[in-house]
Each structure stands twice: as C-alpha cells, then as structure tokens.
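First listed ligand is number 1; within each ligand, the first listed atom is number 1.
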Amino acid sequence: MSSSGSETVRVNLAERSYDIQIGTGTLQQLGPLVAGGGKLRHVVIITDEHVEQPHALAVAESLSEAGAQVDALVVPAGEKSKSIDVAADLWERMLVIETDRRSVVVAVGGGVVGDLAGYVAASYARGLAFYQVPTTLLAQVDSSVGGKVGVNLPGAKNMVGAFWQPRGVLIDTGVLKTLPVREYRSGLAEVVKYGVILDAEFFAYLEQHVDEINRRDDSVLRHLIARSCRLKADVVEIDEREETGHRAVLNYGHTFCHALEAVTEYSEFLHGEAVAIGMLCASRLAERLGRIDSATTERQCKLLTALGLPVEMPEVDPAALLAAMRHDKKIASGKLRFVLPSRLGHVELVGEVKEEDVRGAMTGENG
Ligand SMILES: NC(=O)c1ccc[n+]([C@@H]2O[C@H](COP(=O)([O-])OP(=O)(O)OC[C@H]3O[C@@H](n4cnc5c(N)ncnc54)[C@H](O)[C@@H]3O)[C@@H](O)[C@H]2O)c1
Ligand SMILES: [Zn+2]
C-alpha cells in the first residue's frame with residue numbers, strides 16, 4: 001500500500017481547530033503525528049476486540065517508536081460498550097496505569113470506540129488530549145468529525161456526553177479491507193446523505209463510481225472520505241455545539257431511521273441501513289408535499305440499491321413508528337419536523353407536517 005494521494009481536511013474551530021489526514025497505509029504515521037516534533041510520554045490506546053489486531057497493534061508500534069510509553073485498553077466490540085459501566089471501568093484502569101493530565105488518549109476503532117474513548121478523554125482528570133483513528137467507514141465519514149462524544153443510558157442513546165474535539169484524526173483507507181461488507185455499506189448511507197443534503201456534484205460522482213466504491217478502491221475512497229469530512233466539517237464549523245439548528249441538516253432521513261431502529265429494537269438493521277430506508281421515506285414525504293419530483297427520489301433509490309443498501313420499509317406498524325417519532329428528542333416540541341430536500345444538494349427544515357403525510361411516506365399509500 002502506498003501513502004501517495006493523501007488528503008488533509010482542516011476543521012476550523014478557533015483554538016480547537018485540527019486536521020483530518022486521509023491516506024492509505026498510513027497507520028504508522030500516528031506516532032510522529034501525536035509527537036508533533038516534541039517528546040511523547042504516556043499514550044492510552046482505547047480499542048475493541050475486533051480492531052486490536054492488527055490495527056491497534058500497528059498504531060501502538062508507531063507510538064512506541066516515537067518514544068511513547070503505550071498502554072492499550074480493550075473493550076468488548078459492540079454498542080453495549082457505550083455505557084457508563086464501561087467508561088467507569090476505563091477510568092479505573094487508567095488510574096492503575098498512572099494516567100495523568102499529560103497522558104494522551106487515542107481511539108482506534110469504529111464509532112462506538114470513538115464516542116466512548118472521547119467521553120473518557122473528556123472526563124478523566126477534567127480532560128485529556130485526544131486523537132482518533134477511525135476504522136469503520138461510518139466513523140471515518142461521520143462520527144470522528146464534529147466532537148460529539150458520549151455514552152448511552154438504558155433506553156436513551158447518547159444521553160450522557162460532551163463536545164470534545166480531537167487534536168487530530170488519522171484516517172487510513174487500508175483498514176477498511178478487514179471491515180465486514182454490511183458494516184462497509186452501512187457507512188456508505190451517510191456518504192450518500194451528504195450528497196443529497198449539500199452537494200449534488202458529489203452525488204453524481206458517487207453515481208459514476210459505484211463499481212470502484214463497491215470494490216473499495218483506495219483512491220476513490222480517499223476522495224469520498226475527504227469530501228464527506230469536508231461537508232460535515234462545514235456544517236460543524238457553523239454550529240459546533242448544535243445551538244443554531246444548522247446542524248440539523250445532518251439529520252436527513254434520521255427521524256424515520258431512529259423510529260425504525262427503536263421499533264425493531266436496534267437488532268434488525270445497522271444504523272446506515274435504517275438511514276437508507278429513512279432517506280427514501282423523507283424523500284417521498286418531500287414529494288408528497290410538492291417539494292421535489294419523483295426523479296429525485298428515484299436517483300437516491302437507484303444509488304442506494306447499487307451500493308447494496310435496503311430501501312424498502314419493512315412490515316412494521318406505522319402507528320408504532322409514529323409513536324417512536326414523537327419520543328425522538330429531535331421533535332421534543334411535539335410537532336413533527338423533518339429535514340427535506342428541495343432539490344438534490346439542498347435541504348430545508350419543514351415544520352408542522354401532517355401525520356397522514358408521514359404515514360403515507362412510510363407505507364407508500366396515498367393520504
Ligand atoms: N459522535 C458522532 O457524531 C456520531 C455520529 C454517528 C454515529 N455515532 C455513533 O457511532 C456508533 C456506531 O459506529 P460504527 O458503525 O462504527 O459501529 P462500531 O464501532 O460498533 O463498529 C462496527 C463493528 O465493526 C468492527 N470493526 C471496526 N473497525 C473494523 C475494521 N477495520 N475491521 C473489522 N472490523 C472492524 C467493530 O468491532 C464492530 O464490531 C454508534 O454508537 C453511534 O451512536 C456517533
Ligand atoms: Zn447517522
């Protein structure tokens with residue numbers, strides 16, 4: 001693997017600004033990156049059991065070579081590790097290995113490890129320097145950008161957390177070679193989302209590179225990841241702490257998605273699969289409201305299908321989905337609001353949507 005064609009995305013957040021470095025075969029560059037020309041002391045790597053070998057090991061070697069004393073803390077793989085219990089266990093283990101204010105935390109893993117390690121870094125000793133090495137496509141294009149870190153409460157996802165920006169993010173497309181295909185495709189749903197909400201040209205690029213994407217071509221992946229990170233960073237730079245409402249554009253498809261995930265008890269669909277179905281529902285809703293034509297929905301449907309993602313709402317009770325939507329914190333006001341396209345590459349927040357239209361968008365029935 002070569003590291004040629006590396007790209008850098010700058011996230012501009014005043015004194016919290018940092019770079020996302022995107023390359024291939026670049027895991028070994030983490031040591032020099034964290035050292036930054038200075039002296040490295042103690043680094044705590046947080047990873048999960050699927051990622052430890054070979055990826056976290058390669059990162060650990062690079063940090064050791066750069067002069068760091070490295071400890072690797074491994075958590076079980078899966079969403080269950082995003083809990084206060086696992087965070088508390090990590091705090092204890094960090095105390096035992098004498099982690100102090102000058103120690104650095106490095107997350108090597110998917111979104112679960114990134115959110116968990118970021119939260120532990122934000123809270124231990126009132127905040128430690130933090131780096132991310134995201135190893136799923138979803139983490140590379142979404143969860144490692146924006147500084148949201150946290151854990152779940154039973155029955156309330158991401159309820160406890162912080163905004164804690166990393167000092168740097170290192171993305172190596174090579175690690176995606178070991179990612180199970182379903183996880184890979186799931187990440188692609190968020191990539192398609194960026195095209196729909198912000199960048200029609202990028203959407204067309206994805207349409208034109210389906211084969212390369214499906215065979216995980218490194219050069220196409222570097223571009224696709226860099227563009228996705230840039231688009232998300234543009235949004236985050238305007239609304240870092242989700243205060244102005246601007247960050248809501250990222251929720252395209254997600255109101256339907258969260259309802260579907262809740263009703264199927266998070267066991268039937270990976271997040272990106274539910275996002276794909278949710279985007280199609282949102283697009284059909286936009287059609288019903290006369291905001292877009294059917295060709296715009298059709299293009300999304302075709303691209304998502306070509307990338308191996310589901311697009312059909314399964315047989316679930318629409319009433320249960322509607323009830324779940326009302327529980328979603330994003331519509332806490334009680335009114336149904338949706339992020340809907342007005343054309344490819346542009347979305348708007350639409351309030352006061354009628355329940356019958358939401359139901360129709362999910363079932364494909366009229367009225
Ligand atoms: N912070 C944010 O802004 C943000 C945004 C989106 C999602 N998230 C969070 O991200 C989480 C989901 O992240 P995810 O989809 O990456 O799930 P994940 O971290 O559970 O990873 C999915 C699976 O892939 C394995 N894996 C990871 N990298 C691998 C590799 N290179 N090779 C082989 N296996 C590998 C993991 O061990 C796990 O089994 C959710 O908790 C979600 O809430 C956060
Ligand atoms: Zn998402």
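Take the N/O/S atoms of His271: the one nearest the Zn ion (ligand 2) is NE2. The Zn ion (ligand 2) is closest to atom OE2 of Glu190 (considering only N, O or S atoms).
For ligand 1, the polar-atom distance check finds no N/O of Val113 at less than 3.5 Å from any of the ligand's N/O atoms. In terms of polar-atom proximity, Arg247 is not counted as a contact of ligand 1, lacking any N or O under 3.5 Å from an N or O of the ligand. On a distance-only criterion, Asp115 and ligand 1 share at least one N/O pair closer than 3.5 Å. For Gly109, no nitrogen or oxygen atom sits less than 3.5 Å from a nitrogen or oxygen atom of ligand 1, counting backbone and side chain alike. Taking any N or O of Asp142, backbone or side chain, none lies under 3.5 Å from an N or O belonging to ligand 1.
Nearest to atom 10 (O) of ligand 1 by heavy-atom distance, out of Ala56, Gly150, Gly111, Pro54, is Gly111. Looking at Val75, Thr47, Leu138, it is Leu138 that brings a heavy atom closest to atom 15 (O) of ligand 1.
Judged by the 6.0 Å and 45° rule, Arg227 forms no cation-pi pair with Tyr205.
In Glu312, the CD atom is not crowded: 12 or fewer heavy atoms of neighbouring residues, nucleotides or ligands sit closer than 6.0 Å.
In plain terms, the two heavy atoms of Leu40 and Ala66 that are nearest each other are CD1-CB, 3.8 Å. Contact record, Ala139 with Gly110: CB-C, 3.8 Å, taken as the closest heavy-atom pair. Between Val43 and Ala68, the shortest heavy-atom contact is CG2-CB, 3.8 Å.
At least one N, O or S atom of His254, from either the backbone or the side chain, sits less than 2.8 Å from the Zn ion (ligand 2).
With Val196 as the partner, the side-chain contact (heavy atoms from CB on, under 4.5 Å) test is satisfied by one option alone out of Arg343, Arg299, Gln300: Gln300.
A distance below 6.0 Å separates the ring centres of His271 and His254.
Nearest protein heavy-atom contact of atom 26 (N) of ligand 1 is Val51 CG2, 3.8 Å.
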